[in-house]
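For reference, the structure is listed below as structure tokens.
Order of the sequence lines sets the chain letters (A, B, ...), proteins ahead of strands, with each chain counted from 1.
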There are 2 protein chains.
Amino acid sequence: MTSRPTAPTSPGDEPSGRQRLLDVGAALLAEHGYADTTLRQVAREAGMKAGSIYYHFDSKDQLLTEVLRLGMTAVTDAFDEAVGHSRDTADPLVRLHAVVQAHLRALFEFGPYTATHVTAFHYAPKDVRSGVLPLRDAYEAKWQNLLDDLVADGALAATNTPRVRRLHLLDLMNSAIHWFDPTGTETIDDLANSIVELFWVGATNSAHSPALNTDRNSP
Amino acid sequence: MTSRPTAPTSPGDEPSGRQRLLDVGAALLAEHGYADTTLRQVAREAGMKAGSIYYHFDSKDQLLTEVLRLGMTAVTDAFDEAVGHSRDTADPLVRLHAVVQAHLRALFEFGPYTATHVTAFHYAPKDVRSGVLPLRDAYEAKWQNLLDDLVADGALAATNTPRVRRLHLLDLMNSAIHWFDPTGTETIDDLANSIVELFWVGATNSAHSPALNTDRNSP
DNA sequence: CCAGGTACCTAACATACGTTAGGCAGGCGC
DNA sequence: GCGCCTGCCTAACGTATGTTAGGTACCTGG
């Protein structure tokens, strides 16, 4: 058998064994990296023994590949939903802010699934990486298209290195996983504001920073 | 014995055994992370056997702690030198550019030593991290002071989250290690330009981006 | 010429890892 | 009531790791 699908736990009943393994695997993968995430520790924190993992997954690689997949699909869904909801918003700054916020929410609030992509992807075995790469590439392409559209609309300046600009923006968002604490005094919305403002007008005094409208329900 | 200092190899003669271990350790640490950097592989690529490492270092932790220390002191020295050289430059943008460039040069050109801080520091054992943390904190403080000075000079807008702004700038520089190839068509100077421009004026069309003067020898 | 330090090597140790084979209890269909 | 599938456990396998003890060749100072 190759895998063993289980419906994501409905709210109310406790997570199945497979789901617990994924949750614990995501947490450990994000916190300790690939090599230091051992099946014995995953099993222990999920309330079972190491050998039992092989009833649900073929291997460590397959379990953690699934974790990375879920993390990528989650942030992709969040992206799509934010784009859809803000599609008819005139102000391009507000649109960008909505999508940045969606990305950050997935990164910090969807368990540790999406966070594993920032912290553990690079050092995962090649087989694992190549199993998730298409999803990652597709997601990065979405961001590239979004930025290209902003250039086409005249909101962003044209650049001859659009890829570099996209990577800079993604780096700004993803790197925050190493230092931002969503339970602290600054909210995810504050973080989104600081990133969008920096990306939009920079940090200089000369450009007057526009008030970033946080309330996405305003007319 | 606790360590076994050796003078850094003078150009011309071949590196000592200890130096080779540090070089190889830095390369493997930057490329594969802490857990996947094994002493046997370090030894093999340095042309000796695993047990022999213990003539030069007390443990794996001590070897890799030393690698991280060297990486941090290298980028700190580069920072200080750039600040010193550009101290009497009037234009704050040019000063910032010089320091950003120095940081990126250390990151991409001083072997893989400095790069280990971006890729491997977070997942190193706590003892290793705490052994290098003072150096890291001191370096980050230098950046904070530099940005604070730019605010005091009126070049940067004031912010009530100066720490966040500093982290954003450092993230922009450090994250490039994951995708920038200094041997490609874009140079390190191009990368410095793109980062400084984004940090300075953002990516919008409204602010006209000033020509970043790359030639630091201009009057 | 020879004592001692330098710079390695060999061989093994305890431990931890991913993985596998086989077993066992409980629930469900027939 | 019996068979079967689900979901887990036990015990072990081979392999790899950090580390250590003891040895060996070479160079240098006296």
Side-chain angles (χ1 to χ4, degrees), chain A residues 1-9 13-25 28-29 31-68 120 123-128 131, chain B residues 1-9 13-25 28-29 31-68 120 123-128 131:
Chain A
M1 107 201 40
T2 57
S3 77
R4 191 172 281 269
T6 296
T9 309
D13 49 21
E14 58 202 36
S16 71
R18 180 186 151 93
Q19 188 62 43
R20 268 157 31 221
L21 290 173
L22 289 169
D23 288 346
V24 170
L28 294 179
L29 184 58
E31 192 172 345
H32 298 113
Y34 191 92
D36 285 336
T37 298
T38 72
L39 291 185
R40 284 174 169 83
Q41 191 179 357
V42 170
R44 178 156 29 87
E45 298 196 14
M48 58 177 80
K49 298 306 173 71
S52 309
I53 293 181
Y54 286 80
Y55 174 75
H56 297 284
F57 300 95
D58 283 346
S59 64
K60 172 181 180 179
D61 279 15
Q62 203 206 42
L63 165 59
L64 297 184
T65 298
E66 184 65 18
V67 165
L68 287 162
Y123 297 116
K126 201 160 69 172
D127 291 352
V128 172
Chain B
M1 109 200 43
T2 58
S3 77
R4 192 171 283 268
T6 297
T9 309
D13 49 21
E14 58 201 35
S16 70
R18 180 186 151 94
Q19 188 62 42
R20 267 155 34 220
L21 289 173
L22 288 169
D23 288 345
V24 170
L28 294 180
L29 184 58
E31 192 172 344
H32 297 113
Y34 191 91
D36 284 336
T37 297
T38 73
L39 292 185
R40 283 174 169 83
Q41 191 179 356
V42 170
R44 177 157 28 86
E45 297 196 15
M48 57 177 81
K49 298 306 173 69
S52 309
I53 293 181
Y54 287 81
Y55 174 75
H56 296 284
F57 301 95
D58 282 348
S59 65
K60 171 182 180 178
D61 280 15
Q62 203 206 43
L63 164 59
L64 297 184
T65 297
E66 184 66 18
V67 166
L68 286 162
Y123 298 115
K126 201 160 68 173
D127 292 352
V128 172

Hey, are the side chains of [X] and [Y] touching, using non-hydrogen atoms and a 4.5 Å cut-off?
X: A:Leu21; Y: A:Met48; answer: yes
X: B:Gln19; Y: B:Leu22; answer: yes
X: B:Arg18; Y: B:Phe57; answer: yes

Rounded distance in Å - [atom1] ([X]) to [atom2] ([N]):
X: B:Leu63; N: D:dT17; atom1: CG; atom2: P; answer: 15 Å
X: A:Gln19; N: D:dG7; atom1: CD; atom2: P; answer: 14 Å
X: B:Asp36; N: C:dC17; atom1: CG; atom2: P; answer: 14 Å
X: B:Asp58; N: D:dA21; atom1: CG; atom2: C1'; answer: 16 Å
X: B:Leu64; N: D:dT17; atom1: CG; atom2: P; answer: 14 Å
X: A:Asp61; N: C:dT19; atom1: CG; atom2: C1'; answer: 12 Å
X: B:Ile53; N: C:dC9; atom1: CD1; atom2: P; answer: 10 Å
X: B:Asp127; N: D:dG18; atom1: CG; atom2: P; answer: 16 Å

Which pair of heavy atoms, one from [X] and one from [Y], lies closest together, and at what distance?
X: A:Leu64; Y: A:Gly25; answer: CD2-O, 4.2 Å
X: B:Thr37; Y: B:Lys60; answer: O-NZ, 3.0 Å
X: B:Gln62; Y: B:Asp58; answer: OE1-N, 3.0 Å

Can you check whether [X] has a side-chain N or O nearer than 4.0 Å to OP1 or OP2 of [N]?
X: B:Tyr55; N: C:dA7; value: yes
X: A:Tyr54; N: C:dT19; value: yes
X: A:Ser52; N: D:dG7; value: no
X: A:His56; N: D:dT6; value: no

Quick check on contacts: within residues 38-50 of chain A, what sits under 4.0 Å from DNA chain C by heavy-atom distance?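 Going residue by residue through residues 38-50 of chain A, the ones with a heavy atom under 4.0 Å of DNA chain C turn out to be A:Thr38, A:Leu39, A:Arg40.
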With sugar-phosphate meaning primed atoms plus P, OP1 and OP2, does A:Gly51 contact a base, only sugar-phosphate, or nothing at under 4.0 Å between heavy atoms?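 Contact class for A:Gly51: base.
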What pairs with B:Asp61 under side-chain hydrogen bond (donor to acceptor under 3.5 Å, both in side chains), at least two apart in sequence or on another chain?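 Testing B:Asp61 for side-chain hydrogen bond (donor to acceptor under 3.5 Å, both in side chains), a comparison that skips the adjacent residues, returns B:Tyr34.
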Looking at C:dG18, D:dG18, C:dC8, which one has an atom nearest to any side-chain atom of A:Lys60?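 Shortest atom-to-atom distance from the side chain points to C:dG18.
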